[in-house]
Every structure is written in structure tokens, then in C-alpha cells.
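In each ligand, atom 1 is the first atom listed, and ligand 1 is the first ligand listed. Everything numeric in this text was worked out from a predicted model, so none of it was measured.
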Amino acid sequence: MQLKGKRVLVTGAAGFIGSHLVDALVNEGCITLGLDDLSNGTLSNLSHHEETSLFSFIKGDIKDEATVMHLARKVDIIFHEAAFVSVPRSVVHPRECHSINVTGTLNVLEAARLLDVQKVVIASSAAVYGDDPTVPKVETMIPMASSPYAASKIAAEAYLHSYHEVHGMDTTALRYFNVYGPRQEASPYSGAISIFRSNILEGKPPVIFGDGGQSRDFIHVQDVVNANLLAATAPEAAGETINIGTGVASTVRDVVEIMLKICGKPELKYKIAPEREGDVRHSLASIEKAKNILGFKPSLPLEIGLKDYLAGEIS
Ligand SMILES: NC(=O)c1ccc[n+]([C@@H]2O[C@H](COP(=O)([O-])OP(=O)(O)OC[C@H]3O[C@@H](n4cnc5c(N)ncnc54)[C@H](O)[C@@H]3O)[C@@H](O)[C@H]2O)c1
């Protein structure tokens, strides 16, 4: 399938990943609609599209069936990024997490089914692997809900799969690992790299929980966007759930050291805080399936990706 000229809907369009996806789709020549309730995203992430005739923004809630139906009527492909994204907040607000992540996804699928949308790609998460210490994470492992957020992503994936099985719909779930890059806001709930960046820019030593030997598969947002474009066009992706990472693990300590070096501030060093309860020690994606089915190849190794993220801040 060619993307040029397709009509697409991006939910969560004003967020970190959604806004980069909008950029890429507009660049591909897609007529792009962006939906967001602005609960966590910001219009400034999309302000460069104000004059773009290919892009329109709609403020609305994924929980609202009528809004989703109205937009699905106009598109060929849906990229579903909107979500309740915080694991710790999901523990305190499980109903809100469920209604956005599970009912919201069901709204997307029902609208897609009723209106014959050709393709639905949704953002899932490596959180579905829970506390299982096995690495690398392979898609055939049994999901484990270690938080309401993880439970909601497992449920969303299950709904997606059921729509493929029952209705033959072309659906794909992408399990993102630790995504970083421009427009990722630093908040107590956001990714470690955005928090380290903000610490370094304020001239403060980044804070590492535990000994810093814990490792993650950090992937630049541009590679996640590319995976979405591939998933939308690869026929073998129908009905599949696919890990999206780099296949390379980096320790948190290494990440901080690389960032301090890039910013020319090695003297800041880092501070150690007590280990956080419930954090998994290691997380790493097997990306064999992404390679085989999507032809996916990560293009930004960590050091290059971090240079891009920190561009403009380097002294
Ligand atoms: N960032 C990561 O490392 C990561 C890792 C795994 C999975 N994901 C998934 O990727 C997707 C995008 O995450 P992100 O990091 O860009 O987060 P984000 O918070 O920047 O983007 C999510 C967007 O969804 C919007 N939104 C929330 N509730 C909504 C609702 N009810 N109706 C309409 N819009 C709503 C928010 O305003 C926000 O703009 C999410 O599904 C998330 O679970 C992200």
C-alpha cells in the first residue's frame, strides 16, 4: 500500500509520538487529521502545521464514540496513539486509565469496522511484559499485567486481535520500548532521558535510582515513527503484535554519561537515589519479528539519537 494521498487519522496527535507521526505523514503526502483532547499534549507540538493544507486538528476525546465515528468516516488508516500514559497514575486512577486505553481503543475499532477503515495501527507498550526477568522480550511470551496501565494495553491488544480474527480487519499493535526524542516533556511520569535532559540543562546532576546498572532498550522517536509507517503498509503485519525497540540494551548510567559528555558537562556527574520498588532490572526487545514482517531497521543508535535530542543545548 502506498501512503501518498491516503487519508489518515492520528489520535494523540498533539503528544510526543503522535506529533512526530503527523510530521512524517504530512511529509509522505497524506491528508492527515489529528485528534487530541490536549490533556497531556500541546498545540505547540503542531504549530508548524498551521499553514499546512494537508493537516487539520480536532480537539476531542477518544472516549466519545460520536467524535471517533465522525472522524473515522473520513479516513483510510488510523494510527491510535492517544492514551493514559502514566504507570504510577494508573495505580491511583485505574478507571480513568481503563476508559481511555481500553474503551477508547474499542471506540477506534468499532468505528473502523462500521466505516470500513482499511488499517488500524495502535501503540502498545513493553509494559505488557511485566516483571518477567527474561530478556530479550519476545512477542510469544505470556503478557503480565504489573500495573493497571499494563493491563489496559494487554486488553487493547486483545481487542485488536479479536477484530482481526472475527471481522478480518487489518490491525497491528506495536509494543514500543523506551521512546525518547524532541518534544518529550520532562515530568515525574515521563521517560528517564527527558528528566536527565532537563536536570542537565538546569545545571543539576541527574538523579539515578539504584546503582544505574539497570538497562533499557531506548529508541529514538524517529525510528518509532518509521515503524508505524511500515506497519501501515506491510501486508504481513495484519493481525500481528510487534516489538519496536533497537535490540540493544543500555544501562541508565551509560545514558547519563553519554548525555553529560554530549552537553560538555561531565563535571555535573550524577546523584544516586534509593532504588525504586517494582522497577524491572533489564528490558530489551527482540526485534526479529519487526525485521522480518516490517523490514524494520533502527536507524539511530543511542549516541546519535541523543545528539539529535540534545541538539541546540550543546555548549
Ligand atoms: N513514550 C514512551 O516511551 C512510550 C512507550 C510505550 C508506549 N507508549 C505509548 O505511545 C503512545 C503515545 O505516547 P506519548 O509518549 O507520545 O505520550 P503523550 O502523553 O505525549 O501522548 C498521548 C496523547 O494522547 C492525548 N490524550 C490522552 N487522553 C486522551 C483522550 N481521552 N482523548 C484524546 N486524546 C487523549 C494526550 O493529550 C497526549 O497528547 C501512548 O499510547 C503510549 O501508551 C509510549
Please check: side-chain N/O of [X] versus main-chain N/O of [Y], any donor-acceptor pairing under 3.5 Å?
X    : Y    : answer
K137 : T134 : yes
T171 : L160 : yes
T103 : I100 : no

Check for me whether [X] has a heavy atom closer than 4.0 Å to any atom of ligand 1.
X    : result
Y180 : no
F84  : no
A14  : yes
S124 : yes
S39  : yes
K153 : yes

Judged by modelled atom types alone, do H98 and S152 share a side-chain donor-acceptor pair under 3.5 Å?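 No - no donor-acceptor pair under 3.5 Å links their side chains.
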With only distance considered, is [X] within less than 3.5 Å of ligand 1 through an N or O on each side?
X    : result
D36  : yes
V179 : yes
G18  : no
Y149 : yes
N40  : yes
A82  : no

Tell me, which protein residue and heavy-atom name are nearest atom 12 (C) of ligand 1, and how many Å apart are they?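 Nearest protein contact, heavy atoms only, for atom 12 (C) of ligand 1 is E81 O, 3.5 Å.
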Check each of F79, Y176, F16 against atom 10 (O) of ligand 1 and report the one with the nearest heavy atom.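 Minimum heavy-atom distance to atom 10 (O) of ligand 1 goes to Y176.
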Answer with side chain, backbone, both or neither: which part of V85 has a heavy atom less than 4.0 angstrom from an atom of ligand 1?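 Contact part for V85 vs ligand 1: side chain (C-beta onward).
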